[in-house]
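Quick note on labels: first sequence line is chain A, next is B, and so on, each numbered from 1.
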Amino acid sequence: MKKNTITALFMFLALYTACQKNDSSTTSGTGTTTTTPTNPSCSFVNNYGSQVYIEIYTGTSLSYSEGRVYGKDTPVKIIPASGSTPQVVANGGNQSFSLTSGQNIIIVVGISSAFYYVNDAGFSNVTTNKTFTLDASGRIN
Amino acid sequence: MPICLVSLVAAAACTNNGTTQAALASVPSSIQPRPMLFSGKTRLKTFYPIDSQTVPALSGSGLVFQFDTTAASKASLLVFNSEQAAAALLAGNITSSCIGGASTLAGHSWTGATLSLATTASASGLYACIPGSAIQPLSVSQKVTTANFPSGTYYWVLIGYDANFLMTHSSALMPFTVP
């Protein structure tokens, strides 16, 4: 009996180990395992009707006002990755970017070669792959 | 984790759990608001149409301008079919490129938030411009409707005044396109 108990214990441990994934996995009640990406792949799609220019920042409690991006900590610009010129996105085009799961972002949209402000929108706790779309009315969803 | 969302129609300054923007960290963006038509004034916010937007066809439900002029004691909204130089307007001469507008100075109905360009005069809140008239640049009776706005690019601006009729506020001259 004792041997059978030990055997059963080892079998349990073997099964448990086999089912272990990384920290991003969850197990449903049926025993299937799903994996959420640790680095969500995202995309900004421009359906505004004309070429636009974008900046994307990460941080905490992000907002945009009168030409500045605010946050609890200093916002970090991820698009464009370098330089001061906003990223151009052609009408109907898209810009891909990756995040660390759980990051907050704000997308700022401008127009014309002078990068005049059009609109901005913030999104919190991004954990899954997501497409952010600028529609013809200027809304970002 | 709270995040400050700024929607298309939101007018209030963004705060974070009661913390004003002055207490938050910030970085300058290369994307800047279009300069006010009249510099040195306090900005009036324009919400719709937004910069360079192509609005839906006017033949349906017309166009509702959305803005915020509550900070000004009195205000005007003007729509042009070409770009305007501030100096020309400061001289008091409304040019022939002015298509229509409304103003509390003329006694027009004013909510401080919306103004409708409708398909019928009875429903429209915009009045005809009187070119060259510095004293009375807007008609007090003749309305303009969507029929006065054929396809093309237009420019709209908000102007705000204090109780003594001195200009204190301005928006940018915002282009938009009628398909």
Side-chain angles (χ1 to χ4, degrees), chain A residues 48-77 80 83-87 91 102-126 134-141, chain B residues 1-37 41-57 61 63-64 66 83 153 155 171-179:
Chain A
Y48 190 54
S50 58
Q51 177 175 281
V52 298
Y53 298 83
I54 65 169
E55 292 179 341
I56 301 177
Y57 297 79
T58 62
T60 305
S61 300
L62 297 161
S63 64
Y64 172 95
S65 178
E66 296 295 327
R68 298 191 71 85
V69 178
Y70 294 84
K72 265 189 173 178
D73 304 306
T74 302
V76 176
K77 185 166 59 177
S84 61
T85 303
Q87 179 67 44
N91 182 39
Q103 278 188 307
N104 313 307
I105 64 168
I106 186 167
I107 302 173
V108 184
V109 180
I111 200 164
S112 87
S113 58
F115 315 131
Y116 290 137
Y117 171 80
V118 168
N119 197 14
D120 70 270
F123 301 88
S124 61
N125 192 29
V126 179
L134 173 69
D135 65 21
S137 68
R139 296 181 190 275
I140 306 168
N141 294 297
Chain B
M1 177 179 298
I3 186 166
C4 206
L5 297 177
V6 180
S7 72
L8 182 62
V9 297
C14 204
T15 61
N16 170 32
N17 287 339
T19 304
T20 63
Q21 286 173 339
L24 300 173
S26 69
V27 293
S29 171
S30 296
I31 297 173
Q32 296 288 313
R34 187 181 284 269
M36 293 182 290
L37 179 59
K41 308 302 177 185
T42 301
R43 183 182 291 273
L44 290 175
K45 291 184 181 294
T46 55
F47 300 132
Y48 181 83
I50 56 178
D51 204 319
S52 304
Q53 183 174 11
T54 297
V55 300
S61 55
L63 175 64
V64 178
Q66 299 177 31
E83 287 199 74
T153 298
Y155 304 81
S171 74
L173 185 66
M174 299 294 282
F176 67 97
T177 299
V178 172

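The only member of A:K77, A:R68, A:E55 that meets side chain to side chain contact (heavy atoms under 4.5 Å, CB included) when paired with B:S29 is A:E55.
With a 4.5 Å cut-off on non-hydrogen atoms, A:I54 touches chain B through its backbone but not through its side chain. Only the backbone of A:V109 has a heavy atom closer than 4.5 Å to any heavy atom of chain B. Only the backbone of A:D73 has a heavy atom closer than 4.5 Å to any heavy atom of chain B.
For B:I31 against A:P86, the heavy-atom pair with the smallest separation is CG1-CG, 3.8 Å. Between B:P28 and A:Y57, the shortest heavy-atom distance links the atoms O-OH, 3.9 Å. Heavy atoms only, all atoms of each residue included: A:E66 and B:K45 are closest at OE2-NZ, 3.7 Å. Taking both residues in full, the closest heavy atoms of B:S30 and A:F115 are given as O-CB, 3.6 Å, listed atom of the first, atom of the second, then distance. A pairwise comparison of heavy atoms in B:A25 and A:P75 identifies O-CD, 4.2 Å as the closest pair. Of all heavy-atom pairs spanning B:S26 and A:Y70, the tightest one is CB-CD2, 3.5 Å.
Atom-to-atom distance recorded for B:Q32:CD and A:Y116:OH is 10.5 Å, nearest 0.5 angstrom.
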